[in-house]
Amino acid sequence: NKAVCLETVREFEDAYKEYKAAAGFGEQQPFFRAAEQKVRQYETDNDGDGFKFYEEQQAGTSDQDAADNPDATKAAQAAGS
């Protein structure tokens, strides 16, 4: 499906949206359980920094280290410019 393709090319935010849409089609659909599991995975915030897993993946940061987050990466890049 489209979500898997988007994940493959590292477009995690768009993949998250596609999985969320697929999960919304209802339990009677054969892909519901897999889509629902992906949505739960993408919505986790293991390090408690306020960024969901898919946001961390999209930015190339770690969801295991609160100091390594999309905002910190942007700030570091701006300081280095």
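Just so you know, these numbers come straight off a predicted model, no measurement behind them.
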Counterpart residues, side-chain contact (heavy atoms from CB on, under 4.5 Å), relative to Lys38 (two or more places apart)
Glu7, Tyr19, Gln41, Tyr42
Partners of Glu18 by salt bridge (charged side-chain N to carboxylate O under 4.0 Å, His left out), sequence neighbours excluded?
Lys2
Got a sec: does the CZ of Arg40 have more than 12 other heavy atoms crowding it under 6.0 Å?
yes
Which residues pass the salt bridge (charged side-chain N to carboxylate O under 4.0 Å, His left out) test with Lys74, sequence neighbours left out?
none
Under the side-chain contact (heavy atoms from CB on, under 4.5 Å) criterion, do Phe12 and Phe53 qualify, and how do the steps go?
CA-CA 9 Å; Phe12 296 104; Phe53 177 77; 5.9 Å; no
Distance, nearest 0.5 Å, that separates CG of Asp71 from CZ of Phe51
3.5 Å
Taken in chain and number order and not counting sequence neighbours, the residues that satisfy side-chain contact (heavy atoms from CB on, under 4.5 Å) with Gln64 are Asn46, Ser62
Residues at least two apart in sequence or cross-chain that pass side-chain hydrogen bond (donor to acceptor under 3.5 Å, both in side chains) with Glu36, listed by chain then number, are none
Heavy-atom closest contact (Val39 atom, Ala23 atom, distance):
CG2-CB, 4.4 Å
Atom pair CG/CG of Asp14 and Leu6 - distance to nearest 0.5 Å
5.5 Å
Atom CG in Asp68, atom CG in Asp63: separation rounded to 0.5 Å?
10.0 Å
Name all pairs fulfilling the side chain to side chain donor-acceptor pair (under 3.5 Å) condition that reach into residues 48-59, sequence neighbours left out, sorted by first residue then second.
Glu56-Thr61
Give a yes or no on whether Val4 and Tyr16 share a hydrophobic cluster (residues Ile, Leu, Val, Met, Phe, Trp, Tyr; joining criterion: side-chain heavy atoms under 4.5 Å apart).
yes
Please find the pair of heavy atoms, one from Ala3 and one from Ala15, that lie closest to each other, and give the distance.
O-CB, 3.6 Å
